[in-house]
Amino acid sequence: MSLYHKTAEILSASGGNLKTRIFGNKALPPKASPQQVYALALETCKWSSILTEVIEASELLHYERKLPPLLSLLLVHDFLLAKRGIVLPAKHGLRASIERHKARLTAEFTRARIRRKAATVEALRQQVTAEYLGEAAHHPRWVRVNTLKSTLEDQLDSTFKDFTRVYSIGEVTNTNNDAASASPGKPLFYVDEHIPNLLAISPAFEITKTKAYSSGAIILQDKASCFPAYLLDPLPQDGDVIDSCAAPGNKTTHLAALVQSRIVAAVREGEFEGAGDLKQQQQQQQQKIFAFEKDKDRARTLEKMVKVAGAKDVVRISLGQDFLKVDPDADLFKNVGALLLDPSCSGSGIVGRDTMPALHLPKYASGKKAEPKKGGDRNSRKRKHPGDDDAAAAEKSREEEVFVDDDGEEIVVATAKELQARLEALSAFQLSLLLHALAFPAARKVTYSTCSVHAAENEQVVRAALRSDVARRRGWRILRRAEQVRGMREWPVRGLVLPSDATSGDDDKRGDGDGGEDEGKGDDEEVVADACIRAYQGGGRGVMGFFVAGFVRDV
Ligand SMILES: C[S@@+](CC[C@H](N)C(=O)[O-])C[C@H]1O[C@@H](n2cnc3c(N)ncnc32)[C@H](O)[C@@H]1O
């Protein structure tokens with residue numbers, strides 16, 4: 001099966017997003033890499049409204065009656081826009097069916113470009129990208145420099161050397177600011193003030209095409225998703241670390257980078273005894289990260305990510321292992337002092353960059369629509385979540401609730417009853433995992449996080465965990481704001497203060513203080529709320545919706 005037939009099949013499938021359809025697909029044609037299929041599918045979707053116009057105006061499907069519309073779209077994409085052209089032998093029937101109409105297709109493409117007032121194909125490409133990003137165009141691309149492979153300084157001098165630096169997050173996505181006007185067309189970057197080694201860059205820049213990305217020197221990870229590993233702050237004296245729900249591995253690799261950097265720092269400062277060079281000492285002091293992932297396919301993705309990130313020596317992956325079935329008292333885990341728990345959740349805080357892009361198809365010559373439109377139209381989705389500035393208004397305008405599962409699949413919840421039932425099931429599952437994490441005998445630190453904005457999955461789980469037998473018996477308490485690492489202490493958006501009998505707290509008071517010395521000394525509810533860290537999409541901080549809280553034991 002050719003690259004084009006396979007890509008057409010992927011685009012015609014139902015369910016999931018492009019990534020899950022392609023990277024979870026074991027039946028790709030022998031010569032096509034998943035990346036090649038992904039790039040062709042995504043680029044064709046992005047260009048599909050223009051290509052449809054070109055195909056219809058040139059009457060291609062009238063002359064080539066056997067050519068299915070979707071296949072015509074993919075072939076015309078490569079013919080007009082791919083540097084390598086159509087990747088089929090010169091005499092191949094499919095290739096010939098397009099190249100026979102070279103003059104007409106090229107002329108119609110030029111007309112389509114001029115109609116859009118784009119002086120060059122490159123200018124048209126920028127329009128297409130901005131249109132495709134839609135809502136996400138107002139969300140920066142967050143780039144974590146992977147310190148296992150590189151440094152922030154090296155990346156600023158290489159991958160980002162042609163970028164212009166800006167000094168506030170708002171400027172990265174605003175093309176009307178001074179920096180953007182001073183160097184038009186140049187991408188922008190901002191060095192984050194809370195998370196070390198993190199940058200925000202212009203969303204339209206094609207970062208996935210850089211060497212730094214393919215070599216694992218940089219990792220694309222939303223700022224808020226960097227909170228858990230940073231808050232856990234695994235130090236050499238904490239011993240081994242567990243990432244209990246690890247795939248695809250963003251937080252595992254972040255943990256590995258933090259562990260490694262702290263060991264290097266401790267060895268340099270002579271905190272460890274004994275002879276030997278730095279490398280030898282590092283190995284002797286090596287902390288292990290045990291990464292568990294229940295889903296075997298996702299565990300394979302985790303494996304790849306750990307390898308690319310250069311974290312293989314530190315991370316031990318348990319493929320397909322249910323964390324709930326891991327025995328906390330097993331000898332292997334006797335030195336586990338810190339656990340990161342980031343379980344499946346409603347995904348209600350996710351920014352829709354990976355959702356299925358809209359696909360426009362050319363009509364048959366008869367004027368009938370060729371095939372049903374596949375994939376969602378991202379602009380028509382009524383997906384709204386509270387922003388920092390006006391949670392109540394945002395909440396009122398939320399017309400339907402969208403859950404995003406671990407594979408990016410969207411589930412629309414239409415009724416309040418259904419929403420409550422789903423949230424209750426999720427929070428019971430999340431609490432059981434959290435209580436299991438609290439049971440590890442040597443554990444002193446645990447972080448609990450979700451990419452959900454619902455209190456039922458967040459503050460309520462934290463409260464229930466603090467009230468649990470295992471927490472009381474073993475002396476677990478919340479990691480107060482004043483005790484948190486600097487960036488997390490200073491992050492202004494805090495947890496919700498819920499009534500003590502709350503069953504659903506989304507409408508409750510939102511914390512948004514400035515992290516002064518005395519915070520965290522109020523009554524218990526306020527201390528817990530202030531210790532919890534939240535993030536909301538749309539509040540001008542450029543982050544996704546997120547929640548994280550830390551637990552500690554003083555023994
Ligand atoms: C939100 S995702 C984790 C994302 C990951 N921490 C990252 O930052 O890349 C949740 C993951 O937990 C896995 N999972 C769910 N229940 C689990 C369990 N009982 N044991 C281990 N993994 C589990 C899911 O398959 C999914 O891959």
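One-based numbering, in listed order, for ligands and for the atoms of each. Heavy atoms only: backbone and side chains are in, while hydrogens, waters and symmetry mates are out.
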### Message
Contact between ligand 1 and Ser344 is defined here as a heavy atom of the residue under 4.0 Å from a ligand atom; is it met?
### Response
yes

### Query
Would you call Asp297 and Arg300 a salt bridge, using N to O less than 4.0 angstrom?
yes

### Query
Looking at the rings of His254 and Tyr230, which for Trp means the six-membered one, are their centres under 6.0 Å apart?
no

### Task
Check whether any N or O atom of Pro343, backbone or side chain, sits under 3.5 Å from an N or O atom of ligand 1, and answer yes or no.
no

### Message
I need the atoms of ligand 1 closer than 4.0 Å to a non-hydrogen atom of Ser244, numbered in the order shown.
### Response
21 (C), 22 (N)

### Query
Would you call the rings of Phe440 and Phe333 parallel, tilted or perpendicular if under 30° counts as parallel and over 60° as perpendicular?
perpendicular

### Query
For atom 16 (N) of ligand 1, what's the nearest protein heavy atom and its distance?
Phe429 CZ, 3.5 Å

### Query
Out of Asp295, Asp342, Leu433, whose heavy atom sits nearest atom 10 (C) of ligand 1?
Asp342

### Message
Quick test of your reading of the model: are Glu490 and Arg486 salt-bridged, counting only N-O distances below 4.0 Å?
### Response
yes

### Query
So which heavy atom in the protein is nearest atom 20 (N) of ligand 1, and how far is it from that ligand atom?
Phe323 N, 2.8 Å

### Query
Mind checking whether Glu293 has an N or O less than 3.5 Å away from an N or O of ligand 1?
yes

### Message
Give the atom numbers and elements of ligand 1 that come within less than 4.0 Å of a heavy atom of Gln321.
### Response
20 (N), 21 (C)

### Query
Should the pair Arg422-Glu457 be classified as a salt bridge under the 4.0 Å nitrogen-to-oxygen rule?
no

## Note on the structure
If you scan protein heavy atoms around atom 24 (C) of ligand 1, the nearest is Asp406 OD2, 3.3 Å

### Query
At under 4.0 Å between heavy atoms, which part of Cys345 makes contact with ligand 1: side chain, backbone, both or neither?
neither

### Query
Quick one: which ligand 1 atoms are inside 4.0 Å of a heavy atom on Gly249?
7 (C), 9 (O)

### Query
Does Lys325 have a non-hydrogen atom less than 4.0 Å from ligand 1?
no

### Task
Look at atom 12 (O) of ligand 1 and say which protein heavy atom is nearest, naming residue and atom and giving the distance to 0.1 Å.
Cys245 CB, 3.1 Å

### Query
Do Phe163 and Phe205 have their ring centres less than 6.0 Å from each other?
yes

### Task
Starting from atom 19 (N) of ligand 1, find the nearest protein heavy-atom neighbour and note its residue, name and distance.
Asp322 OD1, 2.8 Å

### Which residue and heavy atom of the protein sit nearest atom 4 (C) of ligand 1, plus the separation
Ala247 O, 3.1 Å

#### Entry: Centroid-centroid distance, Tyr448 to Phe551, less than 6.0 Å
no

#### Entry: Presence of salt bridge, Lys312 and Glu303, under 4.0 angstrom
no

### Message
Can you see whether Asp243 engages Thr252 through a side-chain donor-acceptor pair at a distance of less than 3.5 angstrom?
### Response
yes

### Query
Under 4.0 Å between a Lys/Arg side-chain N and an Asp/Glu carboxylate O for Asp240 and Lys334?
no

#### Entry: Salt bridge flag under 4.0 Å for residues Glu459 and Arg534
yes

### Task
Below 4.0 angstrom from a heavy atom of Pro248, which ligand 1 atoms are there? Numbered from 1 as shown, please.
4 (C), 7 (C), 9 (O)

### Task
Compute the minimum heavy-atom distance from Gly347 to ligand 1 and say whether it is under 4.0 Å.
no

### Task
Have a look at Leu340 and tell me which of Leu232, Ile289, Val446, Ile242 forms a side chain to side chain contact (heavy atoms under 4.5 Å, CB included) with it.
Leu232

### Of the listed options Gln221, Lys251, Lys294, Arg298, closest to atom 23 (C) of ligand 1 (non-hydrogen atoms)
Lys294

#### Entry: Leu324, any N or O under 3.5 Å of ligand 1 N or O
no

### Task
Check Ala246 against ligand 1 and report side chain, backbone, both or neither, counting heavy atoms closer than 4.0 Å.
backbone

